[in-house]
Amino acid sequence: MRKDDCLFCKIVAGEIPSTKVYEDDRVLAFRDVNPQMPTHVLIVPKNHYDNIGDGIPDEELGYLFNTVRKVAELEGVAESGYRVIVNTNDDAQQSVHHIHVHVLGGAPMNSGDPSQK
Ligand code: DGP
């Protein structure tokens, strides 16, 4: 299930290069091109959904979020801590409309200003 004009669908297909962190038949995790933290990984389902409100089946959404733990372990931040962000639509400044989970870590963060990434 691909959307032809979608940047992350092109990354999933290997048509646009990315630095891969983890991949299986359902998800791809790759480094954010503009990292905000020492660890900044994006996890996407290989199927296209615009955002978390796009009717993603429970099983697929669960699989996506279970991948967070794997990525945190691979990146060595599972114990030290990390932040998980899913920007959704305009007020949250979602810029790529293919659902993606940001995994941020590798250094202490502030308590979390909801207006910032
Ligand atoms: P968001 O604001 O939640 O939609 O975040 C989209 C993120 O995608 C943003 O942090 C930068 C990242 N990004 C945009 N274009 C590319 C790209 O071509 N490659 C990679 N690796 N990341 C990208």
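Ligands are counted one by one from 1 in listed order, and the atoms in each one are counted from 1 as well. Just so it is clear, the model here is predicted, and its values are computed rather than measured. Positions are given from 1 along the sequence.
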Discussion item. Check for me, please, whether Tyr63 and Phe8 land in the same ILVMFWY cluster - side-chain distances under 4.5 Å, paths through other members count.
Written reply: no
Worksheet item: Given Val33, Val96, Ile11, which one has a non-hydrogen atom that is nearest to atom 13 (N) of ligand 1?
Response: Val33
Practice prompt. With heavy atoms of Gln94 as the reference, note each atom of ligand 1 found under 4.0 Å away.
Written response: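 What qualifies from ligand 1 is 4 (O).
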Worksheet item: Going by the order shown, which atoms of ligand 1 are within less than 4.0 Å of some heavy atom of Ser95?
Response: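 Counting atoms of ligand 1 from 1, those under 4.0 Å from Ser95 are 1 (P), 2 (O), 4 (O), 5 (O), 6 (C).
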Part of [X] with heavy atoms under 4.0 Å of ligand 1, whether side chain, backbone, both or neither:
| X | value |
| --- | --- |
| Ile85 | neither |
| Gln36 | neither |
| His100 | side chain |

Fill in: Pair Lys70 + Glu75, salt bridge at N-O below 4.0 Å
no
Practice prompt. Please test Ile85 against Asn87 for side-chain contact (heavy atoms from CB on, under 4.5 Å), starting from the C-alpha separation and ending with a verdict.
Written response: CA-CA 6 Å; Ile85 296 176; Asn87 292 320; 3.5 Å; yes
Fill in: Residue that, paired with Phe30, satisfies side-chain contact (heavy atoms from CB on, under 4.5 Å) out of Thr19, Ile11, Val21
Ile11
Discussion item. I want to know if ligand 1 touches Asn34 in the polar sense, i.e. an N/O pair below 3.5 angstrom.
Written reply: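 No, there is no polar N/O contact under 3.5 Å.
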Worksheet item: Would you say Ser18 and ligand 1 have an N/O pair spaced under 3.5 Å apart?
Response: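 Ser18 vs ligand 1: no N/O contact under 3.5 Å.
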